[in-house]
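Working notes, structure below.
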Amino acid sequence: MAKLVDKEGDWDFHLRSLSANARDSTAASDPASDPYILQSVKKIYDICKEAMSEDLVARAYPHINKLFHRSVLALPQSQTSNGLLLLTILQFFLDFGEMVLHDSDPSLRTFFRSYPRVAEATLDFLNLNKIKLINVYPTLLPQFFPLLLKLIAWNGEKLEEKFQSVLPAMMSNGSFLPLFPSLTDLPILVVALEKVERSSGTLLGSSIASIQKSAAPEMLLALMDEAYTGSTIEDRSGDSGSEDSNSIDVADPVFLDLLKDENDGLVERHWTSPGMTAALQAAINSSQSDRLKQALNMTPRFLSLYFAVALRDINDSLVCALIPIVMSRNSTIFPDKTFAFEVRKRLSDFILAAFQGSPHFIALLKKPIVDRLGEAYDSPTELALHLCWAIGEHGGGGASHKDVARELFESLELLLYENLSTSRLGLSHETGFESNKTNSRRSSQVRLLSFVITAVAKLATCHTELLPRAQVALAKVARSRGTDRRVWQRACDYLGLLNEPAISLSILGPSIGNVKNPGTVNWSEGGSKMVAHVHLSMISLSRISFHVMMFTLLSVENEEEKQVDEKDYIYCKIFRSVNDISVIDAGIVWKVLIIATFQNVSFIFLRIFYSKKLI
């Protein structure tokens, strides 16, 4: 009984505190200036949460609702942070809004548009209410993902885990595509924020510590005002007569797009704009800040999560629409070598995974794929190599897309002939002394030719009407003088395989789908049907060719198998790589590894094995 009386006393006390705060002239203009108001709101919330009484909620709601609106109005001139107070009130609205018929959506949007400066508390609030926000307010986080990206860019790795928990909730039909370039450009966003901080340093006329604490948000508010109202930001360069090279050009649309708070759709970012070029050049020439280093580390991890959610939850039409954007961004990445490598690896992995799950995407995206292959004429890229592999591995989109397959084959054919001629030309002009650049270019060209040859052979295997043209192309490579031996060997191997349709379809055919042709292997059943008896007369070991099959001899693993005479039986383990041989490296070679004399052998246990031997 005494406890109940104490709670009633606390309730009355804190409710009176809210009323007194509203009457106080100083607190009326800046409610957060009262050091006890936050505790009063928290206590009222706790009592309502424990009692779950509609009467208590109804009595507290008018006071808390007025306090929320006064706090929002006080934001422009407030000298204190209202963020924690607003978050506590929002929690009250979310938990008890149904009791008092309060729609929390406008209040939530008002909070985000006020540019919250309590980043960690904001992410905690979002994680705590993530399920409710997704179910009841599904457009909220997708609309304000640019703001949340600014929070993580400014605060760095200390908030990474909390941000990753919120990231999937930002992905919706309307935000999925715009979110990708924004994540990729997170380091650029850091550069823009730091330029804002430097540009607004004289605004406060204060110490370095205070500038670092609040200058960027202040300048961001001004930038947003300029973006949405068209007003001009006054020159705050002080009385220095020289132009500050670090000042930000707020008229640059690239920076306005980077610094926006809300999602307004997919906007093309012009990397050749003067502001972007100057910012990137300054970032390259100067030492990287800790904040930028953290953004460079976080971005690849964010992209991995983004792509994983995309492949799992996003519909095929949006994933298909994302692939051309990913291809175009492959060449426009923040110029840090390690960062660019990590990001490009994730871009390629996503494209390959998307094609693996939906091979028909290749047919739908024929034009952007051909455009990317065209870029490989002068300088082969990893993306072009992976696209070559995907075209061959998935039969140009499948057996039903014959017209698309023919056009893709013609692009590969042209790429093959073009690079074959330039490789011979380079070889005829080479001297005894080769530079590292020459060696690198030759190595890239060898890899490209190997990938293209593999794609040509695979495409012809899937679409037999292309087989004569493929044999002609491979024969030209095999007869070409001065061709790198690795390329020549691969062309010869594929020529031999194409002369054996059943073996060719098993090895070079699509890795997914039901293969029902006589004599071929259905790899999807490999887990349960891995062993077959094959008579040696079928493969003619006395005249075996290099390309026919690959075997690897393994030691017998148990006593029962050890009783088998190795002259009569050989136990061979065989499996096909998920990624196939050519995606790992163009220098992968096939070898027949048979360690025995087979003259008296009648049967062998076979499993086809793809060797991944890098040269």
Side-chain angles (χ1 to χ4, degrees), residues 134-135 138-139 141-143 145 164 167-184 263 265-268 300 302-330 343-373 382-409 411 455 458-459 462-463 509-515 523-524 578-580 583:
I134 292 174
N135 293 332
T139 63
L141 294 181
Q143 179 178 347
F145 79 78
Q164 283 188 326
L167 180 58
M170 302 180 199
M171 301 170 64
S172 70
N173 291 343
S175 65
F176 174 68
L177 295 179
L179 182 57
F180 165 68
S182 296
L183 284 173
T184 308
N263 171 30
L266 189 62
V267 178
E268 182 180 1
F302 292 157
L303 287 174
S304 295
L305 176 59
Y306 172 84
F307 289 138
V309 175
L311 294 171
R312 186 188 67 219
D313 299 334
I314 302 300
N315 63 68
D316 283 353
S317 60
L318 284 175
V319 173
C320 186
L322 175 65
I323 293 176
I325 303 174
V326 172
M327 291 181 185
S328 64
R329 287 308 309 268
N330 187 72
V343 169
R344 288 192 174 107
K345 181 179 183 300
R346 284 158 176 81
L347 302 187
S348 297
D349 289 347
F350 164 72
I351 292 175
L352 292 177
F355 287 154
Q356 181 75 21
S358 304
H360 64 281
F361 283 174
I362 296 176
L364 296 175
L365 300 174
K366 178 197 67 178
K367 186 179 186 307
I369 291 175
V370 171
D371 291 342
R372 299 287 85 77
L373 293 180
E382 289 296 317
L383 176 61
L385 300 182
H386 286 90
L387 290 176
C388 288
W389 178 85
I391 291 171
E393 177 65 11
H394 303 297
S400 61
H401 299 281
K402 294 189 177 298
D403 291 339
V404 174
R406 188 190 69 253
E407 295 181 41
L408 291 173
F409 182 89
S411 297
K458 287 184 174 183
L459 208 52
C462 184
H463 301 273
S511 60
I512 58 177
N514 295 324
V515 182
W523 298 107
S524 64
V578 174
N579 293 327
D580 202 70
V583 74

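Heads up: numbering here begins at 1 and tracks the sequence.
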For [X], all residues meeting side-chain hydrogen bond (donor to acceptor under 3.5 Å, both in side chains), sequence neighbours excluded:
X: Asn173; result: none
X: Ser358; result: none
X: Arg346; result: Ser304, Glu342
X: Ser317; result: Asn315

Tell me, please, which residues at least two apart from [X] pass side chain to side chain contact (heavy atoms under 4.5 Å, CB included).
X: Ser172; result: Pro142, Ser175
X: His463; result: Lys402, Ala405, Leu459, Glu465, Leu466
X: Val404; result: Ala363, Lys366, His401, Leu408

(request) Please list, chain by chain and in numerical order, all residues satisfying salt bridge (Lys or Arg N to Asp or Glu O under 4.0 Å) with Asp403, sequence neighbours excluded. (result)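 In terms of salt bridge (Lys or Arg N to Asp or Glu O under 4.0 Å), with neighbours along the sequence ignored, Asp403 is linked to Arg406.
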
(request) With sequence neighbours excluded, tell me which residues meet ring pair (Phe, Tyr, Trp, His ring centres under 6.0 Å) with Phe307. (result)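 Checked Phe307 against ring pair (Phe, Tyr, Trp, His ring centres under 6.0 Å); matches are Phe180, Phe350.
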
(request) For Phe302, enumerate each residue passing the ring pair (Phe, Tyr, Trp, His ring centres under 6.0 Å) test, keeping only those at least two apart in sequence or located in another chain. (result)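 Residues passing ring pair (Phe, Tyr, Trp, His ring centres under 6.0 Å) with Phe302: Phe163.
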
(request) Any salt bridge (Lys or Arg N to Asp or Glu O under 4.0 Å) involving residues 306-327? Give me the pairs, sequence neighbours left out, ordered by first then second residue. (result)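 Checked against salt bridge (Lys or Arg N to Asp or Glu O under 4.0 Å) - neighbours excluded - no pair reaches residues 306-327.
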
(request) Using the salt bridge (Lys or Arg N to Asp or Glu O under 4.0 Å) rule, collect all pairs that involve residues 317-327, keeping only residues at least two apart or in two chains. (result)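 Counting only pairs at least two positions apart or across chains, no salt bridge (Lys or Arg N to Asp or Glu O under 4.0 Å) contact touches residues 317-327.
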
(request) Check whether any side-chain heavy atom of Val309 sits under 4.5 Å from a side-chain heavy atom of Leu167, and report yes or no. (result) no

(message) If you define the side chain from C-beta out and look only at heavy atoms, does anything of Leu303 sit under 4.5 Å from Val343?
(response)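 Yes; the side chains approach each other to less than 4.5 Å.
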
(message) Once rounded to the nearest 0.5 Å, what's the spacing between atom NE2 of His394 and atom CD of Gln356?
(response)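 Output value for this atom pair is 4.5 Å.
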
(message) Check whether Asn263 reaches the backbone of Gly174 with its side chain - one donor and one acceptor, N or O, closer than 3.5 Å.
(response) yes

